[in-house]
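All heavy atoms count here, side chains included; hydrogens, waters and symmetry mates do not. Here the structure is a predicted model, which is why all the values come from computation and not from measurement.
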Amino acid sequence: MLKNFLFLNLKSIRYRPVRSWLTIIGIVIGIMLVVVILALGNGIQNTVKSTLQMFGSNLIVVMPGKETNPLTSFFGGERFREKDLVALEKIPGVKFVALEDIATMNIEFDGEKKSTLIHSVQWTWMRELLEESEGIKLEQGYWPQDLNASEVILGNKIASSLFKNPVKVGEDIIIKGKRMKVAGILSPIGEQMSDNIIFMPQSIFQSLTGKRSVAMSADVKVLPGADINLIAKQVKFELSKQDVVRDFSVLTPEKTERIAGNVLSIIELVLVFIALISLIVGAVGIMNTMYTSVLERTKQIGIMKAIGATNDDVLSLFLLESGIIGLVGGILGIILGIGVAYLIGLYGNSAGIKGLFSFASLDYFGLFVILFLTFVIGVVSGLMPAKRASKMEPADALRYE
């Protein structure tokens with residue numbers, strides 16, 4: 001009996017291919033989004049955690065903007081006064097305060113012109129900050145010592161692939177019309193921002209941008225054994241006395257990880273909401289398709305009942321068909337979802353973000369549960385049309401035109 005039902009269902013679906021596939025697409029989109037979330041969720045969290053770990057456990061980051069969304073003001077142009085940030089070094093437990101700033105500038109090498117992000121730094125603390133707290137080391141060259149020397153440090157990708165010809169240590173590049181010597185090249189990090197970075201001394205940066213005695217952010221290095229949370233509160237209190245940047249963030253590694261986790265949760269929630277809408281649309285589509293199928297096959301139902309088919313047989317036939325439609329949508333959604341996650345992982349690897357996707361990290365039990373749920377969604381969506389079909393009287397069905 002089951003074999004005959006499957007044969008009739010597949011024949012019915014093939015008879016209405018366009019309508020069937022349009023119905024299946026709604027399920028496919030919803031399941032694909034769910035699978036992408038499952039496939040990339042752990043990878044994204046691990047990538048964020050590993051990136052945050054680069055900043056070490058003894059570093060406090062100060063930047064403009066509210067802690068709930070610091071990037072809004074961070075890229076909005078607000079800057080602290082240098083003296084307000086330097087004063088933080090007086091707080092007990094603070095080893096040093098490294099001021100930073102960023103700006104997009106035109107750079108030229110070997111006749112080629114490009115535009116990239118330049119970071120203003122203080123060479124005094126740069127080596128310790130990068131090597132000890134962030135794990136970034138030089139692959140070639142040396143760390144500059146003269147705070148006013150026209151020397152820069154290049155990220156690995158800037159040196160190797162930004163221009164047609166690789167930039168080597170000792171060569172000159174022109175930044176906003178000023179000739180700068182390449183003192184060193186950083187080792188590859190595998191993280192997009194760190195590999196595409198240029199460090200320039202603060203004094204020259206300020207002369208080129210015209211922004212003097214200000215800084216966009218600061219890294220506060222805490223002495224070993226000091227209470228980083230207590231120092232963060234003191235930093236916040238001291239900065240509350242200044243009136244240049246009203247909204248600012250004082251981020252410890254723990255707080256930064258929590259904010260990143262909240263952002264990821266919001267993104268996942270939005271995707272789940274979109275997936276649910278797609279599944280609801282797909283379920284309504286299955287119901288509509290099954291109602292139409294019942295009308296088109298009224299005579300077939302009458303013939304089946306006339307030769308001995310019971311109400312339960314007709315009910316099972318239509319429920320199985322709607323379940324198959326849901327199951328096919330689930331299978332295709334899983335395949336497409338894994339494919340999309342795989343492509344995102346490949347793009348992430350090429351951009352220096354590793355570990356976003358792995359076949360080994362897939363939750364295969366979860367995928368099986370998704371398949372089961374799509375079948376159930378299909379069955380539930382086809383329940384009302386199937387009941388209508390099962391209650392048809394054979395004589396009325398045979399007279400239907």
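The two atoms that bring Phe80 and Val62 nearest to each other are CZ-CG1, 3.9 Å, heavy atoms only. Minimum heavy-atom separation, Tyr142 to Glu151: OH-OE2, 2.5 Å. Annotation for Ala103 and Thr209: closest pair CB-CG2, 4.1 Å, computed over non-hydrogen atoms. Ala218 and Leu99 get closest at one heavy-atom pair: CB-CD2, 4.0 Å. Of all heavy-atom pairs spanning Gly337 and Val36, the tightest one is O-CG2, 3.5 Å. The two atoms that bring Pro188 and Asn156 nearest to each other are CD-ND2, 3.4 Å, heavy atoms only.
When side chains are defined from C-beta on, Glu78 does not count as touching Phe248, because their heavy atoms never get closer than 4.5 Å. Side-chain contact between Asn196 and Leu117: absent, with no pair of heavy atoms (C-beta onward) separated by less than 4.5 Å. The side-chain heavy atoms of Gln234 and Val94, taken from C-beta on, include no pair separated by under 4.5 Å. Between Leu223 and Asn58 the shortest side-chain heavy-atom distance does not fall below 4.5 Å. Annotation: side chain of Ile158 is not in contact with side chain of Phe109 (no heavy-atom distance under 4.5 Å). Looking at heavy atoms from C-beta onward, Ile370 lies in side-chain contact with Leu38 at the 4.5 angstrom threshold. Counting heavy atoms from C-beta outward, Ile118 and Lys176 have side chains that stay 4.5 Å or more apart. Looking at Ile331 and Ile31, their side chains never come closer than 4.5 Å, going by heavy atoms from C-beta outward.
Annotation: the span from Leu208 atom CG to Met200 atom CE amounts to 5.0 Å, rounded to 0.5 Å. To the nearest 0.5 angstrom, Ile107 atom CD1 is 10.0 Å from Glu112 atom CD. If you take OG on Ser115 and CE on Met105, they are separated by 10.0 Å, rounding to the nearest 0.5 Å. The CD1 atom of Ile334 sits 11.5 Å away from atom OH of Tyr364, with the distance rounded to the nearest 0.5 Å. Atoms OG and CD1, from Ser381 and Ile280 in turn, are 10.5 Å apart once rounded to the nearest 0.5 Å. Here the straight-line distance linking atom CD of Glu100 with atom OG of Ser217 works out to 5.0 Å at 0.5 Å rounding.
Scanning for side chain to side chain donor-acceptor pair (under 3.5 Å) contacts around Arg246 gives an empty result, with sequence neighbours left out. In this view, Ala87 satisfies the side-chain contact (heavy atoms from CB on, under 4.5 Å) rule with no residue, not counting sequence neighbours. Every residue two or more places apart in sequence or in another chain that forms a side chain to side chain donor-acceptor pair (under 3.5 Å) with Glu82 is listed here: Gln202, Gln206. Contacts of Lys83 classified as salt bridge (charged side-chain N to carboxylate O under 4.0 Å, His left out), with partners at least two apart in sequence or in another chain: none. With sequence neighbours excluded, no residue forms a ring pair (Phe, Tyr, Trp, His ring centres under 6.0 Å) with Phe375. Residues satisfying the side chain to side chain donor-acceptor pair (under 3.5 Å) test with Ser203, not counting sequence neighbours, are Asn148. The side-chain contact (heavy atoms from CB on, under 4.5 Å) test applied to Phe273 returns Ile277, not counting sequence neighbours. Among residues two or more places apart in sequence or in another chain, the side-chain contact (heavy atoms from CB on, under 4.5 Å) test is passed with Ala39 by Ala341, Phe357, Leu362. Taking the side chain to side chain donor-acceptor pair (under 3.5 Å) definition, one finds that Tyr342 meets it with nothing, sequence neighbours left out. Applying the side-chain contact (heavy atoms from CB on, under 4.5 Å) test to Val28 and every residue at least two apart in sequence or in another chain returns Ile24, Leu332, Leu336. Qualifying ring pair (Phe, Tyr, Trp, His ring centres under 6.0 Å) partners for Trp125, counting only residues two or more places apart in sequence or in other chains: Phe96.
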Under the side-chain contact (heavy atoms from CB on, under 4.5 Å) rule, what do Ile173 and Leu154 come out as? Steps first, then yes or no, please. CA-CA 11 Å; Ile173 62 174; Leu154 305 185; 4.0 Å; yes
After noting the C-alpha distance and the side-chain angles of Asp243 and Arg81, does the key distance pass the side-chain contact (heavy atoms from CB on, under 4.5 Å) rule? CA-CA 10 Å; Asp243 56 1; Arg81 289 182 301 222; 4.1 Å; yes
Could you walk me through whether Ile231 and Val235 satisfy the side-chain contact (heavy atoms from CB on, under 4.5 Å) test, starting with their C-alpha distance in whole Å, then the side-chain angles of each, then the deciding distance to 0.1 Å, before giving a yes or no? CA-CA 6 Å; Ile231 294 175; Val235 167; 4.2 Å; yes
Apply side-chain contact (heavy atoms from CB on, under 4.5 Å) to the pair Ile338 and Leu367, showing each step before the final yes or no. CA-CA 10 Å; Ile338 292 175; Leu367 297 180; 4.1 Å; yes
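Remark: Lys241 NZ is packed, more than 12 non-hydrogen atoms of other residues, nucleotides or ligands lying under 6.0 Å away. Within 6.0 Å of CZ in Phe365 there are 12 or fewer heavy atoms belonging to other residues, nucleotides or ligands.
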Pairs under 3.5 angstrom only: tabulate donor-acceptor contacts from the side chains of residues 163-172 to other protein residues two or more places apart or in another chain.
| from | atom 1 | to | atom 2 | distance (Å) |
| --- | --- | --- | --- | --- |
| Asn165 | ND2 | Asp110 | OD2 | 2.6 |
| Glu171 | OE1 | Lys168 | N | 2.8 |

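Between the side chain of Glu89 and the backbone N or O of Val97, at least one donor-acceptor pair lies under 3.5 Å. Remark: the backbone N or O of Val244 is paired with a side-chain donor or acceptor of Gln242 at under 3.5 angstrom.
With respect to Arg79 and Asp101, a salt bridge is recorded, a charged nitrogen being found less than 4.0 Å from a carboxylate O.
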